[in-house]
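A short write-up of the structure that comes next.
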Amino acid sequence: MTTEIITAPQRQRRPLILWAGLILVGLHVFAGLLSLIWLPYDPTAMAGGRLEGPSLLHWVGTDRLGRDLFTQMMIGSRIALTVGLGAVAIGAVIGVTLGILSAFATRWLDDALAATLDILIAFPTLLIAMLVVAASDTANLWSAIIALGIALSAIVARLTRILAKRVLVMDYITAARTSGSSWPKIVAIHILPNIWPTLAVNFALQFGLAVIAEASLSYLGLGAPPPNASWGRILQEAQGTVYTAPLGAIAPGIALVSLAIGVNLLADGLRDFIDPTRRAR
Amino acid sequence: MLLRLLPGDPANALLGVGATEQQIAAARAQVGSDQPLAVQFVSFLGNIARLDLGTSFVSRASVLEEIGNRMSVTLPLTFMGFFIALILAVPLGILAAVRSEKWYGTAISVISQLGIAIPVFWVGILLVTLFSINLRWLPSGGFPLKGWANFGEAITGMILPALTIGLVMGASLLRYVRAATLDVLGSDYLRTARALGASFPEALIRHGLRNGAVPVISILGIELASTFLGAVVIERVFSLPGLGSMLLLAIQQRDYPNVQGVLFISTLLVLLIGFAADIAQRLIDPRLRSTGSARE
């Protein structure tokens, strides 16, 4: 078996994964952006009978108050994307800063930080987020985003720390130090460019985690309050009427899963696209 | 303790909206929230050492007793889910790796990818729709008031929630089992064993199992801990009176002793599970015993 035989189909397969991810995420981005300027129905008004089945007027039917479910799912896309982007941005800023600091810190400070991160990571993202939400007096979209961002930052920090340490032992870092480069300059020129491909892939994965965790928070009643139609809250409301209108409990779930799979595929495709060592193979 | 630093006095939770100043002061003295935070913290540590987790602000019941009651739901649920995950993930994961070039090997690994993209509560809702509503085989939720004294009803109430946990956890576990098996399959020692005349299954069981188990067990620890804490969501889907619903209710009611108690016991269990996974790894892999834990 020669190398060509193995790699040829893989080279074909990889862009396919990237494209599939792009299309799935793109659909949600389109629906989310469109929901800002146009919606099929008023999301808070009765648009039809209660718990109607799917029809040409209401593509996935109506909920128990007669509101159009497809309209709510479009808003759900927007909320999910906002949560994902917000949480990853917060997690990235806190996590990368802590990770770099830890990689540069003195031995005992580094050990203390690493041990704290290990313990934090042992707790599920959702539990940490629940506590932060519970701590802020009123649950809203921002408390959920901040909570998830904080929970994700521990994972980012640990990854950054490991990656940065790996770069720090390289000869070119020693060379940069002896030639008089300052630490901030070394971080900006040598460390960040070297670690960002791996971090970017990780951010895509965390985006998916954040979307699922927000849905769970909303499902538990700790997410954005009504009338913000988060997929988790739509599902929680639909669970009560699943006997008469099963589609209401299925369609938002499919939307949620398709976005989560989309970003995961995107991460997989991206990994090979931005990592030159893999691309060359 | 973190919660105490936040706005919102627990004394307010004890009283209704129209409480007088005197009533608030009396309530504060009663729950101890009029003391400085440092004093509250020290007395909390002292109580923990005596395993006294205090009494609930809302129900006045002993926190430890309440946790004990709730554990009788959460622990069996966690272990049943864990067991289902194991019997799904280990054989299927090995199969997916050994037969990775066959269509069913690929199918198994593609389906397991769904495991990280599906929220556990939605799997629960789908299973309820299928098994309780369409097929009418199992109850859609609830737990008998008498608990395990009513064994038949208790166990049927547990099946769907445990299956939900088992499926989702099994899918993510499967990916690790598959990766570990692929590592073993590509290893030199397996090739050597085959060259020395061992049959393929023989070599896999004799040399592969131990080597493949080490990374899987460290994941098992994390998965078991996250299942235990993830029970919050499952218990809500199936309205089970477990530790998760206790925590959720306590957070909503600002019932600090209950929140603290559940967190304390959960942390303890998470650390214990991690410790147990560490020991299990050392028992299986003698190399880890001599060098100690090598951390990057």
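Numbers restart at 1 for each chain; the letters A, B, ... are given by sequence-line order, proteins then strands.
Taking B:V237, B:L247, B:L126 one by one and counting their heavy-atom pairs under 4.5 Å with chain A, the maximum is reached by B:V237.
Contacts from residues 209-220 of chain A to chain B, taken as heavy-atom pairs separated by less than 4.5 Å, involve A:I212, A:A215, A:S216, A:Y219, A:L220 in sequence order. Annotation: residues 253-260 of chain A contacts chain B through A:G253, A:I254, A:L256, A:V257, A:A260 [non-hydrogen atoms, separation under 4.5 Å].
Taking the side-chain hydrogen bond (donor to acceptor under 3.5 Å, both in side chains) definition, one finds that A:T82 meets it with nothing, sequence neighbours left out. Qualifying side-chain hydrogen bond (donor to acceptor under 3.5 Å, both in side chains) partners for A:N264, counting only residues two or more places apart in sequence or in other chains: none.
Neither the backbone nor the side chain of B:V128 comes within contact range of chain A; no heavy atom of the residue lies under 4.5 Å from a heavy atom of that chain. For B:I118, the parts lying near chain A are the backbone and the side chain together; criterion is any non-hydrogen pair under 4.5 Å. Proximity to chain A (any heavy atom under 4.5 Å) is shown, for B:I273, by neither the backbone nor the side chain.
A pairwise comparison of heavy atoms in A:L235 and B:I125 identifies O-CD1, 4.1 Å as the closest pair.
Of the possible donor and acceptor atoms, none in the side chain of B:W122 sits under 3.5 Å from a partner among the backbone N and O of A:P252.
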